[in-house]
Amino acid sequence: MAAFARLGFLDYRCLPLLLSLLIVFVHGDDINSHEIVTEIDDQVTDDDNCNLFQGSWVFYNSSSNPLYDSSCPFIGGGFDCQKNGRPDNDYLNYRWQPNGCELPRFNGTDFLERYRNKKILFVGDSLSNNMWRSLICILYAATPSQNYTFGAQKLLSTFSLPDYGVSVNWLKNGFLVDLAYERIGKVLKLDSISSGKLWLGADVLIFNSFHWWTHTGRLQTWDYFRYGSMTVKEMDHMEAYKIAMTTWGNWVDKNIDPSKTRVFFQGIAAVHLNAKEWNDTDHRDCRQQTEPLMGSTYPGPAVPGEAILKSVISNMTKPAYLLDITLLTQLRKDGHPSIYAGGGPKFNDCSHWCLAGVPDTWNQLLYAILLQN
Ligand SMILES: *[C@@H]1O[C@H](CO)[C@@H](O)[C@H](O)[C@H]1NC(C)=O
Ligand SMILES: *[C@@H]1O[C@H](CO)[C@@H](O)[C@H](O)[C@H]1NC(C)=O
Ligand SMILES: *[C@@H]1O[C@H](CO)[C@@H](O)[C@H](O)[C@H]1NC(C)=O
Ligand SMILES: *[C@@H]1O[C@H](CO)[C@@H](O)[C@H](O)[C@H]1NC(C)=O
Ligand SMILES: *[C@@H]1O[C@H](CO)[C@@H](O)[C@H](O)[C@H]1NC(C)=O
């Protein structure tokens, strides 16, 4: 808590009391108000009403926003919306306001001091890449010497700041369970994790897997599912996701010592492919969206994997901490690269996120949670 005082923030244990006098609580739909991570209640605040992931976006164009700009060399072409010609920039000026508590501002220097000589590893798909690039840009911007190493070989991308001995890496892995190349084709083995040895030794692990499970047709990157001795061409993809995430949860329970490694799961980020979901009849999707949805509820349907993921994590004996970003991303229809993903006006990306942008908030949440102990 001392860190907050230094930052000039009110101790956020007191804030719920103050805020409850000032704000009207808006509750999300049932899916979003399920709480499975009770740690939040114990550690962020004494007030049962505080959930870091329930809240709304507030316009906040401070001169210290955003935490980095296009001069960060690690943004990656597809996420650098300003460089790719995005004309509006209000999307850079919103902060996430949880209902009933306050998020500390990300202090990169403080993070680097606390994580001196530590290893942070993201494991997951391109949304992990999105969050990883955000974090390394934030940390790089906070390093006075700007001395770094950056590299990529096959599936592993590495970044380190030698001044602090901190490394922040990303291991590309869309399914977490194994994809085996066999004679019959590519087999997605729902009950097998053989690459887990690559995950050991990190101080902080941040997993993510969802979007690849939704793929069908040409985008689908497997030919068969295997579970036990059963090999099938097709099954319900969300059922497959549930089995695979359970395999992952069991792997974590068996192999990770929580006193040495903190395990997070980067929750499912929303896509904005259908403007009807937010009753916008003037647009088709995320294109030309320049404002978030206000308030704390998303009018569209729930993300199918969300309930599965929460159930899997709550059944773990040593539950991972779910960074439950679904609602806060659902509200940010304006946060995607859309046609400013660098592939020209015909290439439209309503799944990833501009950087700087919404993933900075995911890292701010990660920072807030890591500060708690
Ligand atoms: C950030 O953290 C560092 C190290 O703890 C501290 O010296 C500095 O004052 C903090 N910066 C702000 C803006 O609070
Ligand atoms: C914030 O927005 C207001 C109103 O749009 C504007 O007058 C002000 O200059 C902006 N401040 C910054 C730091 O961008
Ligand atoms: C950058 O880090 C390397 C390796 O630790 C060190 O040898 C070098 O002096 C550093 N450079 C600066 C400018 O700090
Ligand atoms: C969106 O439209 C649906 C169907 O017309 C309606 O039931 C719903 O209340 C609307 N939601 C919002 C947020 O306007
Ligand atoms: C979690 O455990 C409950 C109670 O045993 C069970 O009903 C539920 O199906 C489990 N969830 C998953 C995803 O296996």
Side-chain angles (χ1 to χ4, degrees), residues 1-12 15 30-31 34-38 60 62-69 95 102-118 135 137-146 161 163-166 168 175-177 190-193 207-210 213-214 225 227-228 235-254 263 265 267-268 302-322 324 326 356 360 363-373:
M1 284 306 130
F4 294 89
R6 272 207 311 279
L7 288 170
F9 278 88
L10 291 165
D11 181 328
Y12 62 5
L15 272 166
D30 280 340
I31 274 270
H34 280 313
E35 274 192 46
I36 54 116
V37 188
T38 52
Y60 175 70
S62 135
S63 58
S64 51
N65 259 1
L67 292 163
Y68 56 91
D69 59 25
R95 67 180 175 83
E102 203 73 8
L103 266 182
R105 211 184 132 70
F106 200 126
N107 180 337
T109 314
D110 176 62
F111 186 97
L112 289 167
E113 294 287 355
R114 287 167 187 271
Y115 279 80
R116 199 174 268 283
N117 300 321
K118 297 265 199 287
L135 182 58
C137 281
I138 293 170
L139 298 180
Y140 172 72
T143 311
S145 81
Q146 308 226 307
L161 293 169
D163 295 347
Y164 294 91
V166 170
V168 187
F175 301 109
L176 301 182
V177 296
L190 304 180
D191 53 3
S192 168
I193 291 181
F207 292 97
N208 150 53
S209 175
F210 176 67
W213 295 93
T214 65
F225 292 102
Y227 182 57
M235 67 186 284
D236 180 81
H237 288 195
M238 286 303 103
E239 184 59 26
Y241 180 64
K242 182 167 110 184
I243 297 169
M245 290 306 101
T246 302
T247 302
W248 165 82
N250 291 338
W251 184 92
V252 170
D253 280 338
K254 189 155 166 261
V263 180
F265 200 100
I268 300 170
V303 174
E306 199 190 359
I308 294 170
L309 187 59
K310 288 184 175 180
S311 177
V312 167
I313 290 177
S314 63
N315 285 0
M316 292 169 70
T317 48
K318 297 176 274 185
Y321 195 115
L322 177 64
D324 188 6
T326 304
D360 304 336
N363 282 310
Q364 193 187 1
L365 286 158
L366 179 71
Y367 173 68
I369 294 156
L370 289 171
L371 277 189
Q372 288 160 26
N373 46 36

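Numbering of residues begins at 1 and proceeds along the displayed sequence. Worth knowing before you read on, the calculation uses all heavy atoms, side chains too, and leaves out hydrogens, waters and symmetry mates. Keep in mind it's a predicted model, so treat the numbers as computed, not measured. Atoms within a ligand are numbered from 1 in the order they appear, just like the ligands themselves.
Aromatic rings from Y115 and Y164 are positioned such that their centres are separated by 6.0 Å or more.
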* Asked: Step by step, would you call V263 with K318 a side chain to side chain contact (heavy atoms under 4.5 Å, CB included)?
  -> CA-CA 9 Å; V263 180; K318 297 176 274 185; over 6 Å; no
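Residue E113 has no N or O atom closer than 3.5 Å to an N or O atom of ligand 1.
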List ligand 5's nitrogen or oxygen atoms that come under 3.5 Å of a protein nitrogen or oxygen, with the partner atom and distance.
from     : atom 1 : to   : atom 2 : distance (Å)
ligand 5 : 2 (O)  : N315 : OD1    : 2.9
ligand 5 : 2 (O)  : N315 : ND2    : 2.4
ligand 5 : 11 (N) : S311 : OG     : 2.8
ligand 5 : 11 (N) : N315 : ND2    : 2.8

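For F265, the ring-ring contact (aromatic ring centres under 6.0 Å, His included) partners two or more places apart in sequence, or in a different chain, are W248. For E239, there are no salt bridge (charged side-chain N to carboxylate O under 4.0 Å, His left out) partners two or more places apart in sequence or in a different chain. In terms of the side chain to side chain contact (heavy atoms under 4.5 Å, CB included) criterion, residue partners of L67 (sequence neighbours excluded) are, by chain and number, R105, F106, I138.
The closest side-chain heavy-atom distance from L190 to M235 is below 4.5 Å. By the 4.5 Å heavy-atom criterion applied to side chains, M245 and L176 are counted as neighbours.
Residue-level proximity to ligand 1 for N107 is carried by the side chain, the only part with a heavy atom below 4.0 angstrom.
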